[in-house]
Amino acid sequence: MTTEPPIIEFRNVTRSFGSQMILRNVSFKLERGQTVAVIGESGCGKSVTLKLMIGLIAPNSGDVLLDGRSHASRSERELTKERLRFGYVFQGAALFDSLTVGENIAFPLRQNTQMTDQQIHNEMQERLRDVGLPPLVAHKRPAELSGGMKKRVGLARALALQPEIMLYDEPTTGLDPIMTDVINTLIAQTREKRPMTSVVVTHEMSTVGRTADRVLMLYPLPRLEATDGQVVFDGSPAEAFSTENRRVYQFVHGMAGERLEELAVK
Amino acid sequence: MQTALQTDSPLSAPIRAVGKITIEGVTLAGDLAIFAGQMLAWLFTRLPRYSVILTSAYAIGVMSLPVVLLTGAFIGMVIAVQTFEQFQFMHLETQLGATINMSLVRELGPVLTATMLAGRVGSSIAAELGTMKITEQIDALRVLGANPIQYLVVPRFVACVLLIPLLALCADAAGVVGGWFFGSQILGVNSVHYWNHSEDFIGAFDLFTGAAKCAFFGAAIAIIACHRGFHCSAGAEGVGKAATEAFVLSFVAILVLDFLAGILLNEIYHLLYMPSVGVG
């Protein structure tokens with residue numbers, strides 16, 4: 001009897017940019033159907049983790065495995081095909097400025113399917129409805145949209161190919177509390193509509209509480225000793241909220257702690 | 001210890017600076033060659049949709065036409081202003097048309113049009129792609145199953161290679177008309193002489209020379225501008241730097257290519273029209 005491999009696995013992944021190391025020997029496994037929140041301070045490597053998962057960047061050492069097979073063992077063509085299993089909601093939405101909202105949502109369908117123009121149009125309208133936007137928005141340019149609308153269009157575009165893994169990069173950052181609630185609800189609804197694995201990178205604890213069933217916390221390398229692991233917490237949201245681990249507690253409850261003393265010294 | 005002393009020595013500073021510039025130059029040249037190779041691989045295997053190419057062609061070709069015509073017309077008039085007195089002194093003012101048109105069609109039209117387009121088109125491409133890079137739009141393309149080089153670089157390359165020669169021919173035409181207007185209507189050179197001499201001294205090969213040079217210039221502008229955009233660093237400063245580098249590197253490439261293409265096309269001219277000179 002063979003056991004199914006985890007859908008995504010990090011094995012001792014290290015990644016640097018120039019002389020700055022962002023991730024050091026990070027290892028974890030994501031099981032199918034889980035919604036995992038990756039939390040941590042700015043600069044701890046949350047977004048880099050997402051880009052490694054989808055193969056946009058490669059680790060300097062270690063392995064990122066998808067369905068038990070390393071990204072490094074795949075050709076660029078294979079990796080491009082595997083990426084279509086992912087939906088990626090970018091931090092700033094990353095909508096194509098030169099295209100209308102409708103063309104943005106239709107882009108992956110036009111690029112990767114043989115659907116007719118009418119089918120693509122219908123699909124695009126349905127994705128707009130999924131994220132609660134009126135059909136008329138399809139004719140607008142991204143520059144004409146508010147931050148919350150951009151995030152919703154980004155979500156609609158990410159859902160166009162009906163992915164099995166959703167990656168959200170700080171989906172609620174910079175939004176007002178009402179829009180944050182709307183996006184959190186959309187993330188939860190997306191998961192309820194069809195089973196999928198989701199990874200939500202965030203530093204908003206309301207998003208963690210509303211969407212996640214597992215929490216991973218990364219810690220910035222400059223604040224760790226050489227022997228410390230970078231994943232400082234791996235557990236349920238309830239455990240994250242109730243833990244007495246100082247690093248996790250400070251982050252979850254928004255307490256600066258020794259950082260204020262550092263400021264005073266400066 | 002010895003190495004530390006050597007690198008700390010003030011005398012080693014210029015050597016290190018030269019070494020650094022050399023390494024950066026070679027790295028850039030190699031990186032540009034790889035980038036161009038990837039672009040050519042897509043160009044000959046899978047072109048993007050025609051609508052994508054047409055969008056680039058419109059932005060690069062049609063939108064540049066007014067400024068190219070204006071530049072060409074003024075180049076023609078400036079040559080007329082600069083050369084008229086010398087020719088009049090030698091009683092050769094009727095040759096004005098030949099001088100204007102030869103310098104315009106063979107050299108100044110293509111080079112100045114390409115230089116102007118390196119500024120207008122090259123900087124714009126680098127800034128647009130640079131902004132796409134820092135706002136993660138290039139990553140989004142890869143996530144959505146599109147290859148950024150195929151989708152962003154190939155259409156701009158095709159548009160530049162095909163349309164910059166045509167724009168240069170338009171600039172030539174505007175310059176000829178500009179030269180005629182200033183020479184004949186303002187300075188009083190006889191129009192019949194102007195056009196007759198223009199016709200006598202300009203042949204099909206001259207037009208081909210200008211257009212062929214511009215195809216090389218267009219390729220260089222597209223590759224350099226796209227490359228700089230793809231390697232843009234973060235922030236407004238990064239985008240500004242990418243746009244500036246795109247123009248400066250394109251301008252240098254235009255001058256170098258003009259020199260090399262001039263030698264090559266001269267050889268071709270001798271082979272085609274003066275075989276005995278070419279062989280001898």
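This structure is a prediction, so every number in the text was calculated from the model and none was measured. Basis for what follows: all heavy atoms, side chains included, without hydrogens, waters or symmetry-related copies. A note on names: the letters A, B, ... follow the listed sequences, proteins ahead of strands, and every chain is numbered from 1.
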Region of [X] that comes under 4.5 Å of a non-hydrogen atom in chain B:
X	result
A:L56	both
A:L95	backbone
A:F96	both

Would you say A:V38 and A:V200 make side-chain contact, with heavy atoms under 4.5 Å? no

Least distance between heavy atoms, A:L65 atom then A:G68 atom: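 Residues A:L65 and A:G68, closest heavy atoms: CD2-O, 3.3 Å.
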
To the nearest 0.5 Å, what is the distance between CG (A:L155) and CD1 (A:I105)? 9.5 Å

I need the B:L69 CG to B:S64 OG distance, nearest 0.5 Å.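 It comes to 10.5 Å.
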
Part of B:I138 within contact of chain A (heavy atom distance under 4.5 Å): neither

Test B:V153 against B:F230 for side chain to side chain contact (heavy atoms under 4.5 Å, CB included), laying out the working first. CA-CA 10 Å; B:V153 182; B:F230 270 55; 3.9 Å; yes

Got a list of the donor-acceptor pairs under 3.5 angstrom between chain B and chain A?
residue : atom : partner : partner atom : Å
B:E136  : OE2  : A:K51   : NZ           : 2.7
B:Q137  : OE1  : A:D97   : N            : 3.3
B:Q137  : NE2  : A:D97   : OD2          : 3.0
B:D139  : OD2  : A:K51   : NZ           : 3.2
B:R142  : NH1  : A:L56   : O            : 3.3
B:L144  : O    : A:N112  : ND2          : 2.8

Step-by-step side chain to side chain contact (heavy atoms under 4.5 Å, CB included) determination, B:K213 to B:D258: CA-CA 7 Å; B:K213 277 182 183 177; B:D258 188 40; 3.0 Å; yes

Just say parallel, tilted or perpendicular for the rings of A:F28 and A:F10, cut-offs at 30° and 60°. parallel

Please walk me through it: do B:E237 and B:K241 pass salt bridge (charged side-chain N to carboxylate O under 4.0 Å, His left out)? CA-CA 6 Å; B:E237 191 188 355; B:K241 196 171 164 224; over 6 Å; no

